[in-house]
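In listed order, ligands and their atoms are each counted from 1.
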Amino acid sequence: MDQQFAQTASGRRSYYPEAEPYNRGRLAVSGLHEIYFEECGNPKGKPALVLHGGPGGGISPFLRRMHDQSRYRVILFDQRGCGNSTPYASLEHNTTWDLVADIEKLRKHLGIARWQLLGGSWGSALALAYAQMHPGQVLELVLRGIFAVREKELKWFYGGGAGHLFPEAYERFLAPIPPDEHGDIIAAYYKRLTGNNEEERLHCARAWSQWEGATLSLLPDPARETSFAAPRFALAFASIECHYFYNRGFFAHDGALLDNVPVMAHLPGVIIQGRYDVVTPAETAYELAKRWPSARFEIVNDAGHTATEPGLTDALVRATDSFAD
Ligand code: STX
């Protein structure tokens, strides 16, 4: 008989129940950085690593709920400088390739040979970067809201494209920056987010973070917008994101993540994309799907960017179920 799953009124799958970690730990990954990690579910289950977004967004309890806790051993960690990892908001020795190396350290520390990767947004970029460096350690990938950190994606979200859809929020995003610096908004924010005027730093961090908070979901979500303005969250989120994007994701060339897909194209995967995703528009997911025929491509027609969109949650949970046994 079919197992009964939590469903929404529309018949969509909902998150798995809340889960408490059976293990929490910290791992020193460099002379400076220490990362916080946690494990939930079944210690003997199939290993799955969950990669959070931003970069700098940190993990949250709902990310534990994408997998069936009876069949999976779910591992989550806060990437360098955010969440419970230390030093907080540090940009030193904080690059994509440091994070890829941290994931390998964590895998070895936990005694895992191969694992599933699940990541949305920046988490999808990091999952692709890791899978391209270490394809032999990856079972499959479940990716949502595909982000390849290309020039055109950054230009879309920060340089005016998305502003056509959210003019009032974009005006607030531009407000801390003088008009003569609007031509390179990421550089203008970078200067202020890494400067030593603390008041300006916080003001810019909140404006940067609120722009994303306002555009993440298909329908307005005032509670999220408030939480993105919280100083502690905003300082790490904005500084780390801006540092990564100012440095174009630390990739060798624009589009490297898509160009290197052949290295991992034999791996199974699911690409889940909201049609009305304004943060990471569907074009990138489409381009990834074309280069990766062994991945199933699922467009959700009534969803924006965030994993909490009902159609995206449904697709994510169905995807992890499909790989559970
Ligand atoms: N950043 C997209 C991203 O990865 C450009 C992302 N946006 N918000 C998040 O992640 C959180 C919800 C994890 C904060």
Side-chain angles (χ1 to χ4, degrees), residues 15 50-66 76-85 89 96 99 117-129 143-159 161-163 166 169-170 173 185-186 189-190 193 205-218 221 223-251 257 272-274 277-285 303-309 312-313 316:
Y15 307 117
V50 177
L51 297 166
H52 69 69
I59 57 176
S60 56
F62 87 84
L63 290 178
R64 301 173 188 153
R65 301 173 62 184
M66 303 293 174
L76 305 95
F77 77 102
D78 285 320
Q79 295 159 26
R80 289 189 184 202
C82 71
N84 287 311
S85 293
T96 304
L99 302 185
L117 307 178
L118 180 145
S121 198
W122 164 255
S124 76
L126 183 55
L128 288 168
L143 307 179
R144 186 260 325 153
I146 309 307
F147 185 30
V149 204
R150 289 174 297 172
E151 197 67 43
K152 68 173 175 180
E153 295 165 75
L154 298 172
K155 192 161 177 259
W156 161 266
F157 188 59
Y158 297 105
F166 288 88
Y170 194 63
F173 174 62
I185 199 78
I186 292 177
Y189 263 99
Y190 185 76
L193 287 169
R206 296 180 76 203
W208 175 284
S209 181
Q210 281 177 289
W211 165 238
E212 202 154 325
T215 50
L216 277 174
S217 47
L218 185 63
D221 183 349
R224 187 196 304 270
E225 290 180 40
T226 306
S227 74
F228 272 55
R232 190 184 146 81
F233 174 82
L235 269 178
F237 185 64
S239 327
I240 295 172
E241 275 199 342
C242 192
H243 164 71
Y244 273 69
F245 303 156
Y246 181 74
N247 288 291
R248 303 303 188 253
F250 303 95
F251 294 109
L257 268 187
I272 298 163
Q273 177 67 45
D277 184 334
V278 161
V279 181
T280 55
E283 182 180 47
T284 306
H305 180 67
T306 169
T308 54
E309 304 277 79
L312 296 178
T313 305
L316 284 162

Would you kindly specify which portion of [X] sits under 4.0 Å from ligand 1, judged on non-hydrogen atoms: side chain, backbone, both or neither?
| X | result |
| --- | --- |
| Thr306 | neither |
| Phe157 | neither |
| Glu241 | side chain |

Among [options], which one has a heavy atom closest to [atom]?
| atom | options | result |
| --- | --- | --- |
| atom 2 (C) of ligand 1 | Gly145, Gly119, Ser121 | Ser121 |
| atom 11 (C) of ligand 1 | Trp122, Tyr158, Phe228 | Phe228 |
| atom 8 (N) of ligand 1 | His305, Glu212, Glu153 | Glu212 |

| Are any side-chain N or O atoms of Ser124 and backbone N or O atoms of Phe147, one a donor and one an acceptor, separated by less than 3.5 Å? |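 Confirmed, Ser124 side chain pairs with Phe147 backbone.
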| note | All heavy atoms of Ser209 vs all of Phe237, minimum pair found to be OG-CD2, 3.5 Å
| query | Closest approach of Ala89 and Ala236, non-hydrogen atoms and distance? | reply |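 So the minimum-distance heavy-atom pair works out to CB-CA, 3.9 Å.
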| query | Any heavy atom of Phe245 sitting closer than 4.0 Å to ligand 1? | reply | yes
| message | Phe147 versus ligand 1: do any nitrogen or oxygen atoms come within less than 3.5 Å of each other? | response |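 So ligand 1 has no N or O lying under 3.5 Å from an N or O of Phe147.
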Between [X] and [Y], does any side-chain donor sit less than 3.5 Å from a side-chain acceptor?
| X | Y | result |
| --- | --- | --- |
| Thr215 | His305 | no |
| Ser217 | Arg224 | no |
| Gln79 | Trp122 | yes |

| What is the closest protein heavy atom to atom 9 (C) of ligand 1, and at what distance does it sit? | Gly54 N, 4.0 Å
| task | State, yes or no, whether a side-chain contact exists between Arg248 and Leu154 at a heavy-atom distance under 4.5 Å. | result |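 Arg248 reaches Leu154 side chain to side chain.
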